[in-house]
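Just so we're on the same page: letters track the sequence lines, and every chain starts at 1.
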Amino acid sequence: MKKYIALFTNGLLKENPLLTLMIGLCSSLAVTTAVSNGIGMGLAMTFVLLMSEILISLFRKIIPDSIRIPVFIIIIATFTTIVDLMMKAYTPELSRSMGVFIPLIVVNCIIMGRVEAFASKNRVGEAVADALGMGLGYTWVLVGISIVRELLGAGTLLNIRIIPEAYTIGFFAKAPGGFFVFALFISINLAVNRMTAAGKGGAK
Amino acid sequence: MKTMFKLSFSLAAYAVVACVALAFVYNTTDPLIQAGARKEVTDALSALYPEAVSFEDVTAKVQSGDPKITFDGVYVAQSEAGVAGIVVKATGPTYGIATLMVGIDPDRSIRTVKVLSITDTPGLGTKAAEEPFRGQFDSKSADSAFTVGKAGSGAEIAAISGATITSKGFARIVALSGSRASEYLSQTNGSAQ
């Protein structure tokens, strides 16, 4: 059990795909102008990652090594298309505001990376813990960035006005603002990691 | 040779399973997606013709005849009293590209023009979506020439200052939509009544 918790928190903080591994950045910067987008994208991504890791981990012994990448892509693309169709059918508004970034989950390097580096070598239980950790790690960073950007850029949170329109900073709604907020998150995460590492060192 | 067959066979097997799974998902979600898209169009059309009870899609029967301007959709609004008007969703060049929704009444007058999207220069060309420019088309006859000129020069449409190309392109889309749609309406109405 401890092993699974370690794998889960690993993705959540220590090896957070966005803040530490720094993969899958383009989608995260592009959609984080609104909190609802951040939540939607994060959950869509977590679902695809989880399902792909489970399937690939289950079939890892019978996927021929020389064609494993095409097989991975077929599996990932299938789940991405399922998510895309579901979102179009049940949450058309959200699907429209995410645009092309949902289909682009297919080529998201977090999924390709985790599937190749982890799921294809480990058992299902571990793959589930890894997928949930990485997926939710991606989601919380996305939601965090989009909270800052939506609050400062548009003055709203989940479309509820909090700051009067005259006091919003449009810069944060644009791509450069996204980079700034993202850099801030990276540095905070690094600082926290250093502090916890130093604390452990002191306890010894 | 043998491994090649083995590999292609297993790749094909994965692809087949994936396709079957997707076919199931597609069959359940497609009706919902279609219904959503139809509702979206109807909502937009109802904004122009609130009195209409149904909209008939006649897109295939009305051509713009101009290679640069495309009619994305043409709908006849049917109210309880008969034909209430016709709506054209047209995309054409302004300074950038504009997609407009033009409503034309059966008496060949433009009911109103709605700007769905316009990619012109912000602050200049995008003023086409605002008053007073946009409102100038309301209740003009679809047969008028829609000449564009400076305000006070006697032209039917006063151009946006600094965005003459936008103004002309905009007027051209409205004029073409108006003439083609009212042409269609008078033909079909003539035969039906």
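For a heavy-atom cut-off of 4.5 Å, chain B lies close to F59(A), I62(A), I63(A), P64(A), S66(A), I67(A), P70(A), V71(A), I74(A), T78(A), T81(A), I82(A), L85(A), M86(A) in residues 59-87 of chain A. Taking 4.5 Å as the heavy-atom cut-off, none of the residues of residues 117-127 of chain A approach chain B.
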Check residues 10-21 of chain A and write down every donor-acceptor pair under 3.5 Å in which the side-chain atom is one partner and the other belongs to a residue at least two apart or another chain.
| unit_1 | atom_1 | unit_2 | atom_2 | d |
| --- | --- | --- | --- | --- |
| N16(A) | OD1 | L18(A) | N | 2.9 |
| N16(A) | OD1 | L19(A) | N | 3.2 |
| N16(A) | ND2 | L12(A) | O | 3.0 |
| N16(A) | ND2 | G137(A) | O | 3.1 |
| T20(A) | OG1 | K14(A) | O | 3.2 |
| T20(A) | OG1 | N189(A) | ND2 | 3.4 |

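Other residues, nucleotides and ligands contribute at most 12 non-hydrogen atoms within 6.0 Å of the CD1 atom of I97(B). For Y26(B), the OH atom sits in a loose shell: 12 or fewer heavy atoms of surrounding residues, nucleotides or ligands are nearer than 6.0 Å. Under a cut-off of 6.0 angstrom, the local environment of CD1 in I33(B) is crowded, with over 12 non-hydrogen atoms contributed by other residues, nucleotides or ligands. Enclosure of atom CD in E93(A) is not indicated, since only 12 or fewer non-hydrogen atoms of other residues, nucleotides or ligands lie within 6.0 angstrom. At most 12 non-hydrogen atoms from other residues, nucleotides or ligands lie less than 6.0 angstrom from OH of Y95(B).
In this structure, no portion of F24(B) lies under 4.5 Å from any heavy atom of chain A.
Applying the salt bridge (Lys or Arg N to Asp or Glu O under 4.0 Å) rule to pairs touching residues 163-181 of chain B yields D66(B)-R172(B), sequence neighbours excluded.
Note: L7(B) leads T28(B), V17(B), L7(B) in heavy-atom pairs under 4.5 Å with chain A.
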